[in-house]
Number of protein chains: 2
Amino acid sequence: MATGRTHRPATRSRGIPEATVARLPLYLRALTALSERSVPTVSSEELAAAAGVNSAKLRKDFSYLGSYGTRGVGYDVEYLVYQISRELGLTQDWPVVIVGIGNLGAALANYGGFASRGFRVAALIDADPAMAGKPVAGLPVRHTDELESIITENGVSIGVIATPAGAAQQVCDRLVAAGVTSILNFAPTVLSVPEGVDVRKVDLSIELQILAFHEQRKAGEESMPSAGQPRAEVRAPEGGKGPDGEIPAVMPA
Amino acid sequence: MATGRTHRPATRSRGIPEATVARLPLYLRALTALSERSVPTVSSEELAAAAGVNSAKLRKDFSYLGSYGTRGVGYDVEYLVYQISRELGLTQDWPVVIVGIGNLGAALANYGGFASRGFRVAALIDADPAMAGKPVAGLPVRHTDELESIITENGVSIGVIATPAGAAQQVCDRLVAAGVTSILNFAPTVLSVPEGVDVRKVDLSIELQILAFHEQRKAGEESMPSAGQPRAEVRAPEGGKGPDGEIPAVMPA
DNA sequence: ATGCCTTTGTGAACGCGTGCACAAAGATGG
DNA sequence: CCATCTTTGTGCACGCGTTCACAAAGGCAT
């Protein structure tokens, strides 16, 4: 096995579907906004609208957490904020390290969303010796040599990888070996990790390509009457990349 | 309707499942790497390993595009790169605007992944007059006033929002009104858009919270024999946010 | 040319997620 | 205390996505 291991055997966590878990932060954000406006209760319909989901889905999601609503009234905002926070594990502090303090890493370090709820940037780590000691977002950048000691001393279990793609797997391996069991990967690479380690990836170019696909579809559909394969003319790939700029298109049949 | 509209009626595009579309960029990346190493052909097994997916899934994904493989041999790397690129619409140039040139916006502008395949940063836009004209990633930052004209003059259909959450919906509305039909949202907000506009979001804090959930589960499970609700002690929420730091936990039954 | 071996392409089964629609539950007013 | 009205919680059905397993297809050696 070279790169990936995408089977998810035990992802389903104690009866809470993964899809629900992914929406809880959304609900929490909407609820926090309501809480700040001192709204006491909210119906599933209202909250669902605020979170951009179906109200039935929201109710079913909440049903996995327990019966926290009051029929005829709705949900107590403060109470629900607390319950979801607890379920997500945000009632405790999660020290996080960011590895790779380039443009993106620095932006992440400065991002307020980190410190806000339960997450604390324990250290910024970069391989460039010239970066060492320089303050970024109020923290001195540490050198990669210190990675293991930082992890163990701070009890870090969540690592953020913002390195170039080439360094990501190596950094990942070191993080895991040092005790990190959750990784948020911003590098455009598939990371290979042992069982028990969670990896989530954020990939700009993948998102853009998905958008481009739909964009192309929209553009192609509106100008075409009913043809099967409408695409006007397609440039053969010839850009910088390949050494031989020849056209590989050999449409078989 | 305040915020969201997440129903997806016509997402399924011309027979290609959305899940497949989301994986095509992954395959493309793996194939490009093979292409650079001048590997002529690749089997579904090898490619699947490189992309971190199941080989059966990969074959089924490719089957939606057509019969591009050769039984007993595998897939022609160059040919497949071309086919996937074409399907994703990467054979044409997509001008993109980035709105909100803060830390994150600047990082995105500097990100190489943009220019690489089919995407070209047409303009960087920020609301701060002090930013106007300042070069970021080799491009002068333009003021928000010019947003509409930039969109129309460059034929921009994809917009990236990297503004603070408070400005995101407003920026989104202006982008859409000016003709943008695909949006990549980095702001932590649910965007409301009219039908026909695609929105994809990248949300750091949501990803972290999902990781925290699983992390909490791992930690709770390994130290507990078989108890039902093991969580040791849970701090009541009392942090900075709310004006009244009172405990909303009133466990009902 | 023939048989073997490898690998694709896909039919079928299964499981997860979603949404409908409704009964149960509680609040509220008379 | 009872009727009514609102809103939750959920049983059920449906569709999408994943995976298995295998037949068909093609290359290759003899």
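Quantities reported herein were computed from a predicted structural model and do not represent experimental measurements. Throughout, a chain's letter reflects where its sequence line sits, starting with A, and its residues are numbered from 1.
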A.B. asks: Can you sort out the partners of A/Ala56 under side-chain contact (heavy atoms from CB on, under 4.5 Å), two or more places apart, ordered by chain and number?
C.D. replies: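 A/Ala56: side-chain contact (heavy atoms from CB on, under 4.5 Å) contacts with A/Asn54, A/Arg59.
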A.B. asks: I'd like to check the side-chain contact (heavy atoms from CB on, under 4.5 Å) partners of B/Ser43; sequence neighbours left out, ordered by chain and number.
C.D. replies: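 Once residues adjacent in sequence are excluded, the partners of B/Ser43 under the side-chain contact (heavy atoms from CB on, under 4.5 Å) criterion are B/Glu45, B/Glu46.
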A.B. asks: Using atom CG of A/Asn54 as one end and atom C1' of D/dT10 as the other, report the distance to the nearest whole Å.
C.D. replies: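 Spelled out: CG on A/Asn54 to C1' on D/dT10 is 14 Å.
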A.B. asks: Rounded to whole Å, how long is the line connecting atom CD of A/Glu46 with atom P of D/dT6?
C.D. replies: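 Interatomic distance, CD of A/Glu46 to P of D/dT6: 14 Å.
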A.B. asks: Rounded to the Å, how far apart are B/Ile16 CD1 and D/dG17 C1'?
C.D. replies: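 Atom CD1 in B/Ile16 sits about 15 Å away from atom C1' in D/dG17.
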A.B. asks: Of all residues at least two apart in sequence or in a different chain, which pass the salt bridge (charged side-chain N to carboxylate O under 4.0 Å, His left out) check with A/Glu215?
C.D. replies: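 A/Glu215: salt bridge (charged side-chain N to carboxylate O under 4.0 Å, His left out) contacts with A/Lys218.
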A.B. asks: Between B/Asp61 (CG) and D/dC16 (C1'), how many Å, whole number?
C.D. replies: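 It works out to 13 Å between those atoms.
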A.B. asks: Suppose we screen for ring pair (Phe, Tyr, Trp, His ring centres under 6.0 Å). Which residues come up paired with A/Phe62, at least two apart in sequence or across chains?
C.D. replies: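 Listed in chain order: A/Tyr27, A/Tyr75.
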A.B. asks: How would you summarise protein contacts on nucleotides 8-13 of chain C per nucleotide, using B for base, S for sugar-phosphate only and - for none, with heavy-atom distances below 4.0 Å?
C.D. replies: BBBBB-
A.B. asks: Less than 4.5 Å apart, any side-chain heavy atom of B/Leu65 and any of B/Leu24?
C.D. replies: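 Counting from C-beta outward, B/Leu65 and B/Leu24 do come under 4.5 Å.
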A.B. asks: Whole angstroms only, please: what is the CD-P distance between A/Glu18 and C/dG17?
C.D. replies: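 To the nearest whole Å, that distance equals 8 Å.
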A.B. asks: Considering residues at least two apart in sequence or located in another chain, which fulfil the side-chain contact (heavy atoms from CB on, under 4.5 Å) criterion with A/Gln170?
C.D. replies: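 Here no residue qualifies.
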A.B. asks: Measure from CG on A/Asp76 to C1' on C/dG26 and round the result to the nearest Å.
C.D. replies: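 About 15 Å, once rounded to whole Å.
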